[in-house]
Amino acid sequence: MNKVKLEIDRCKGCGYCVAECPKKAISFTGNISAKGYDTITVNEDLCVCCGSCYRVCPDGVFEILQ
């Protein structure tokens with residue numbers, strides 16, 4: 001089963017992944033990182049590991065595990 005791994009410390013809260021996710025599995029948490037950015041989370045029950053987040057993220061936050 002595929003899974004998405006997050007490198008949250010790289011996230012700058014741009015929201016590209018939130019907007020691009022076809023299953024609306026990615027959302028902002030409301031928690032602010034040490035760098036001052038709103039962090040994201042992935043609802044694994046909704047995620048289909050399509051890779052949209054991986055492709056759109058400019059900061060390399062996502063890794064799709066096989």
Side-chain angles (χ1 to χ4, degrees):
M1 181 173 198
N2 293 343
K3 184 176 177 177
V4 175
K5 179 182 174 188
L6 302 175
E7 295 290 338
I8 288 297
D9 59 319
R10 295 181 182 177
C11 183
K12 293 183 182 145
C14 67
Y16 293 154
C17 58
V18 175
E20 197 67 26
C21 182
K23 297 296 183 178
K24 305 298 180 209
I26 305 171
S27 60
F28 286 107
T29 64
N31 297 325
I32 305 302
S33 71
K35 295 179 183 177
Y37 302 113
D38 194 351
T39 58
I40 51 120
T41 188
V42 175
N43 180 331
E44 292 187 15
D45 291 334
L46 297 176
C47 180
V48 294
C49 295
C50 66
S52 291
C53 55
Y54 174 84
R55 287 188 296 278
V56 74
C57 181
D59 299 306
V61 172
F62 299 90
E63 182 179 351
I64 308 296
L65 304 174
Q66 303 279 331

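Numbering starts at 1 and runs along the sequence shown.
Separation of atoms CG (Asp59) and CD1 (Ile8) is listed at 11.5 Å; rounding is to 0.5 Å. One finds the CD atom of Glu63 at 12.5 Å from the SG atom of Cys57 (value rounded to the nearest 0.5 Å). Note: Cys14 SG to Ile40 CD1 = 9.0 Å, rounded to the nearest 0.5 Å. Atom SG in Cys11 sits 8.0 Å away from atom CG in Asp38 (nearest 0.5 Å). Taking NZ from Lys23 and CG from Asp45, the interatomic distance works out to 13.5 Å, rounded to the nearest 0.5 Å.
Between Cys53 and Cys17, the shortest heavy-atom contact is CB-CB, 4.0 Å. Residue Lys3 comes nearest to Cys49 through the heavy atom pair N-SG, 3.5 Å, listed as atom of the first residue, atom of the second, then distance.
Within the 4.5 Å cutoff, no side-chain heavy atoms of Thr41 are placed close to those of Ile26.
For the residue pair Thr39/Thr29, the side-chain donor-acceptor check at 3.5 Å is satisfied.
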Side chain to side chain contact (heavy atoms under 4.5 Å, CB included) evaluation trace for Val4 with Leu65: CA-CA 6 Å; Val4 175; Leu65 304 174; over 6 Å; no

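Residues Tyr54 and Tyr16 fall into different hydrophobic clusters, defined by Ile, Leu, Val, Met, Phe, Trp and Tyr side chains chained together at heavy-atom separations under 4.5 Å. Under the 4.5 Å side-chain heavy-atom criterion for ILVMFWY residues, a single connected hydrophobic cluster contains both Phe28 and Phe62. Both Val18 and Val61 are members of a single hydrophobic cluster when ILVMFWY side chains are connected at heavy-atom separations under 4.5 Å.
At distances below 3.5 Å, not a single donor-acceptor pair connects side-chain atoms of Lys12 with backbone N or O atoms of Tyr37.
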